[in-house]
Amino acid sequence: MAIESDVLVVGGGLAGLTSALSAAQAGAHVRLVSYKQSSMRQASGLVDLLGYVGDDAVVDPYDAMDRLHDEHPYRLVGTQTVKEGMALFDDVVDGYSGSHTDTNALLPTHGGTVKPTARYPRSAMEGIASDNRDMLLVGFDTLVDFDAPLAAAHLEAAGAPFAADGVQIPFPGDVRPDAKVTHYAKMLDQDSEVAVSGRKTSAREALAERVEPHLEGHERVGFPAILGDDNTTTVRSTLADALGAAVFEVPMGPPSLPGLRLEDRLYTALDEYGASFEMGNPVIDHESGDAIDHVVVEHTGAPVPYSADQFILATGGLVSKGVTSNRAGVREPVFDCHIPHPGDRYDWFEDGVFDDHEFARFGVDVGPDLRPRDSSGEIEFSNLRAAGATLGGYDFAAEKSGSGVSIATGYEAGRLATEEIA
Amino acid sequence: MSERVEDSTVDESFEPTQPNTGESYEPVQVFPDDQTMDLRPGADSCTKCSTCDTNCPVAAVDDEFPGPKFQGPEQWRLKQTDEGEEYTIDDSVMDCSNCMRCDDACPSGVPLSQMHNEARGEYVETEMSKFSRTYWRNRLLANYRTSAKVGTAVPRLANAVLNNSAVQWINETVLGITSEREFPDFATQTFREWWADRGGAAASRENARESRERMGDPADADKQVAYFHGCYSNYNTPEVAKAMVRNFEYFGYEIVVPEQRCSGTPMFANGMLSDARRDAEVNVSSFSDLVDQGYDAICSCTSCSMAIRQEYPELFDIDGLDDVSTHTYEAVEYLRAFEDLEGELADATVEFPDLAYHAPCHGRNQGLERQAVELFRELDGVEVEDVGKSCSGISGTYGWKAEKYETSMKIGEEMFEHMDHAEPETGLTECPTCSMQMEHGSGYEIRHPLEVVEAALIE
Amino acid sequence: MGAKSVGTQMASVPHIAVIGGGSTGIGIARDLSMRGLDVTLVEQGNLTHGTTGRMHGLLHSGGRYAVSDQASATECIEENRVLRDIASHCVEMTGGMFVKRPEDTEEYFQKKLSGCEACNIPAAVISGERAREREPYLAKDIDKAISVPDGAVDPFRLVVANAASAQQHGARIETHTEVTDLLVEDGEIVGIEVEHGAKSGERVHGVQSGREEIRADHVVNATGAWAGRIGNMAGLDIEVRPSKGVMTIMNVRQVDTVINRCKPKGDADIIVPHETTAILGTTDEEVEDPADYPEEEWEVDHMIDTLKELVPMLEEARTIRSFWGVRPLYEPPDVGSDDPTDITRDYFLLDHEERDSVQGMTSIVGGKFTTYRMMGEEIADHIVGKFGIDSECRTADVPLPGSDDFSVLRDYMDEFGLRSPIGRRSVERLGSRADEVLKTDEPNPVVCACEGVTRAEVRDAISQAGPDLNATRIRTRASMGNCQGGFCCHRLANELHPEHDEATVRDSWDDLLQERWKGQRHALWGQQLQQAMINYALHATTQNRDQDPATHGSIDFAAFDSGPGTERPSKIATEAADGD
């Protein structure tokens, strides 16, 4: 016999989780299977909705959606659905800000620029760039991904409406230069004992003491995003109390603690919704006619069938191998759905590093019902929908729209799938 | 296979890539020690995303350990054969606890644990003194079965002696085995003794037939499994093994218990690949005939199933191995996939203490981290509370080493805290060494999911 | 920088201007400066910007020329021995094999073997089985092989070491300095006119910026494929026939030995293990313009599809980029070969006084990397002869900076507190300079994890090369591994600050991103396309590097949200406890 569910979601990233939450909320028995860990761990933890249309920075993302092309996922599902998806996100995810307005906020990046985004972890909130309080950025001399003085100078060059200064300090306790970000976070989470100039003290206290001489009246202090994992709020408030200044995190590239925290929150929510999920085993095959009957999940070498009424494909794009390629072409590897792409691979890219690359838009082709279509425009399987970066036709990196598309299409795919069951 | 006809817009010679598969190459033996394989091409899959590093429980508490990305794809890519001048393996590989979480995490198919196992094997082979205390201590720990055999011959004496403070002092100072831990008690009757007394396979066949009759299955139904009980449930916790037997018989399975040695888990973790290979050869030869006859192999210890399913095929080339490996399952997983275990439990009630569940890392690697929690969600009479995603910290023999004890307890701290906060005061896990750590840190009694199933369906 | 330190022993030493910072020019500069001449070398880009930086890194044993051009073959094996001696930190003696597939002729195999013997190249026949023991990924049907002492050489490191040596002997080296004209007076060439720092102001190694006239007693035109363009400035006709060749870089070494196919001239017949990678080569196609020629898809496919006959796993293996080099081939006007593969790999010294009756300049064209030192020696002999100076060449005897006492220093790796393979790689790159570079009391984190490059090594390179991150890249290999700079371009930029100001850093960072992109375009499928998308997401999504308001014009901060306002506590201590 097979393992059964109403809705089976393949893929455990932001889109998969949102579609599972959406279907579970609508009353379906949901199971999510995810092979490996998602790209949320590589992402900054900021939830972008729409930051740019062309070269224009977007102030109100919902207004700007009309300026996107007709086949863009936002246009397919409609602005109202995007809003509903964001409402689901706001509902299930604690610890995020930005829902008080439709207007984007500008958040500092670890590369020294600012970026328009729609939701941001509360840990990053005090760093918001349309706020004229002076800012001190603090970097650690063992953490090569963030140079605070350079980032501060860069923010000023970008025209930020506040004075920014930066300082590089040693992290208390003489961590080895190749310590992982999780180690910094753990030391702060557990407020570990550290030795500073021969004196035993706690990690948070020692950190505040090291920053204090550089404070010089700055009203807010930004650190690279390593301020704890499980106890991040406490870490931040302890530092803020000790410094008498607001404290925030600058979102970083991979590996990203804000991304990890977001992933944790979403899985906790899914558990609370009573959904089933399992990680670590791939979908290797499927049994299908016009509709998918079941997929085969490989349990560490052994094939086990999983059947469901409805299926959702949320395996991600090129980053997560939800879309793969070789010299001959581009494929979607789980259900082998059609992915439109130029036949000549030299048409997949442009010559400038940030030009308008075709590959950035690779993904399955869907209509407003989010059902993947084959090369002649026919529905691939009647009970399969796709969501998130597996979808083609949009460039999340240029648009700064990755999280928003995953949430909106995930929400819609979960909702439509559940409607079919009822 | 899929019955769909593929669209024809793409070159037909193109084979769709399996999702996130590992490497398509066959690693070859290349380095001077002829047991070591060239895993440099495995680095081709690495994108530097560092997801592996975020999963490493050792790197999070110990900055001396540079994390799996360095240990795996980076070290291998930087390595080369160099005539006359060996590229040495960094000694930090011995700080890896072989929890294999990185392997499970990697979104890109880098064979991380294989890289670590090979590198550790090479390090032990070429750089560790065979006369050192550490080497012999590691061998002693890795070959637990040998000591356990002696221990169960005289269990009461052994239990008394091993935890005698003078003996613990010798362990710590002479051998480098921590005196902070109490050795697990040996059972007065091993599982195999119980099994033989009970009438072995013949008795099992009888029991299975009775169940088939109850279930309406044909008397000669093709339901036969070979049980890999491993060392721990044989010598230390036979009640787990007995629960496995009763549960499978309940669903109409005939059980055989073939000859077997250690699965190799502790040997891999200590870089003792030759010892592991020797035992693996016995295990594979003993199970492959049965698999040929239609038996599936069942483990009750998640590290044993991990070793047979993943580490064996990654590290060894033994006749019949692939068949054994792809027919091996964890016990509860098997019943969930092929019997209506979920349905039976949903209809059942049990009297059992509430349970604080810890998912062992090697269970996670097989996709089983949610199994116990979700399975018992519908079972009346017991509440199961997950105590979080952290590693227990013991990782088999790791936490037994005096110099690793502190790291082990630091890793476990998160789990201990969660256990402390959780309502239940009994623990639950599939892994014997995790259960030692849980008991050590909390003082709770620790049970196995098979025991819960047994209590719900049989007792 | 850039100040001349002319030897005091001579009242007036001739001043020689060398144009071209490739192996030829830099070899000449080192040689002349060691003989006590006053040398200024100018290079339009980085050192090795031209052909030298675009070769497969083979240190020839001479085996490849042993049938077709035995004179070159003999020179190669001689220089091969010299470089092992004076440039040990740039050379890895991998050994090489000429492997024979069943369809390759026995006749040619025997010719190769006897050719090697005739040229004094140590060569031995080994069985297919033995060849596979040595290189386990070789194709199962390789019949047999000839083993030769081929090696791998890092052209960047070799040229940088030569430049350092020349500087130690008083030479002035100017990179990012373009020759805009030759100074001609009374029909004689008396110097060069240059433009410093054509692109980015401060980011120049040497003089800051602007135009300069450099008067010289003699000018050496060592510009390879660009020799004709320099010649034109004085109305001289130099017919260089540039021929392009592709090189495809694999992410890891599939082989640790140089693998040559044992058959007469052909494309795609060599695999060179190079540092952490393996390089597949190459093609040979004549082009019009050495600076502007098509880089084509078929060339890359051809490398993989042909060389997989020797090493089958190349079919599925990851390539990280491809690049093209232009051979500055030259043949005297009366030869007239149709096929560029027929043009000799020998070099020619064109004395324009003899050839064109124009005094003051010598051009050097053709030649190959392995014999760069020998060429330098002959040209230096020719030039000192012109000035009637009696001097001896010492370049074959004095080790290059980094290569002295190298073997002893290799034992001290542990002292640097680096992980074993990182220490190993660093010391291999730095040679005898490892001690002065890596010994530091500061934290020394790894900046480029793919290649194992630490902050200390990066900062050392910056101190030599200035703010041009591409110059730091070629010195250290930082950003040259599998992520192709995805995870370290910003880290490298961070290391430039505060010595260099934010605007300079940003400019250099963008240049590095673009440079890394350029070669990767030819590897965009499978794993490298996945990597490219990850890099793009990291740079554009997480860093907003593509729409940086500092570069792309200001953004209206006031139009955006300034936060939840009243929702925001003055301090965040009021938030509820963590965790779930």
Side-chain angles (χ1 to χ4, degrees), chain A residues 44 52 57 59 97 100-101 103-106 109-111 113-116 125 128-131 141-142 144-145 147 149-150 153-154 157-161 177-178 230-234 236-237 240-241 246 253 268 318-319 321 325-327 345-346 348-349 353-354 359-360 396-398 400 402, chain C residues 297 301 419 442-447 455 487 490-491 493-494 497-498 502-503 505-506 513-514 517 521 524-526 529-530 532-534 536-538 540-550 552 554-555 557-564 567-568 570-573 575-580:
Chain A
S44 66
Y52 287 87
V59 175
S97 298
H100 62 285
T101 174
T103 306
N104 272 332
L106 296 174
T109 75
H110 74 118
T113 59
V114 295
K115 174 176 90 155
M125 182 181 73
I128 219 159
S130 304
D131 169 340
D141 58 9
T142 40
V144 291
D145 278 306
D147 184 279
L150 178 63
H154 196 154
D178 53 3
D230 288 338
N231 302 323
T232 181
T233 309
T234 317
R236 237 165 46 246
S237 63
D241 284 346
T268 302
L318 284 169
V319 168
K321 293 196 173 182
S325 64
N326 67 11
R327 282 190 282 157
R345 72 170 191 269
Y346 275 61
W348 298 353
F349 58 83
V353 59
F354 294 125
F359 71 78
F396 73 82
K400 328 296 171 197
Chain C
E297 183 175 1
D301 286 338
R419 306 289 178 184
E442 304 285 305
N444 189 20
V446 171
V447 175
R455 171 181 286 160
F487 285 70
H490 64 285
R491 296 175 184 166
N494 287 345
H497 193 74
E502 190 277 328
V505 172
R506 188 159 18 101
L513 285 171
Q514 181 58 35
W517 176 247
R521 293 174 305 153
L524 290 187
W525 68 86
L529 182 59
Q530 181 194 12
M533 192 65 214
I534 289 172
Y536 182 39
L538 172 57
T541 311
T542 307
Q543 296 174 350
N544 199 17
R545 186 83 234 101
D546 60 330
Q547 295 287 357
D548 185 352
H552 294 264
S554 63
I555 194 166
F557 284 80
F560 288 85
D561 186 48
S562 58
E567 216 183 90
R568 183 174 65 222
S570 60
K571 285 179 202 167
I572 48 176
E575 275 180 46
D578 286 294
D580 303 300

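Per chain, numbering begins at 1; letters A, B, ... match sequence-line order.
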Side chain to side chain, A:Ser325 and A:Arg345, heavy atoms closer than 4.5 Å
no
Side chain / backbone / both / neither for C:Arg491 at chain A, heavy atoms under 4.5 Å
both
Please determine, among C:Gln514, C:Gln530, C:Glu297, C:His497, the option with the most heavy-atom pairs under 4.5 Å with chain A.
C:Glu297
Check the side chains of C:Tyr536 and C:Asp546 for a donor-acceptor pair under 3.5 angstrom, ignoring hydrogens and angles.
no
Side-chain contact, heavy-atom cut-off 4.5 Å: A:Ser44 with C:Thr541?
no
Under a 4.5 Å heavy-atom cut-off, does chain A meet the side chain of C:Leu524, its backbone, both or neither?
both
A:Asn104 versus chain C, heavy atoms under 4.5 Å apart: side chain, backbone, both or neither?
both
Contact leader toward chain A among C:Pro445, C:Ser554, C:Pro443, where contacts are heavy-atom pairs under 4.5 Å:
C:Pro445
Nearest 0.5 angstrom please: C:Arg455 CZ to A:Asp141 CG, how far?
6.0 Å
Side chain proximity check, A:Pro149 to C:Pro498, heavy atoms < 4.5 angstrom:
no
Measure C:Asn444 against the heavy atoms of chain A and call it side chain, backbone, both or neither at under 4.5 Å.
backbone
With only heavy atoms counted, which part of C:Val505 is less than 4.5 Å from chain A, the side chain, the backbone, both or neither?
side chain
Indicate yes or no: at least one non-hydrogen side-chain atom of C:Leu529 is less than 4.5 angstrom from one of A:Leu318.
yes
Quick one: of C:Val447, C:Thr542, C:Leu538, C:Asn544, who has the most non-hydrogen atom pairs under 4.5 Å with chain A?
C:Asn544
Please look at C:Trp525 and chain A and tell me whether the side chain, the backbone, both or neither of the residue comes under 4.5 angstrom of a heavy atom of that chain.
both
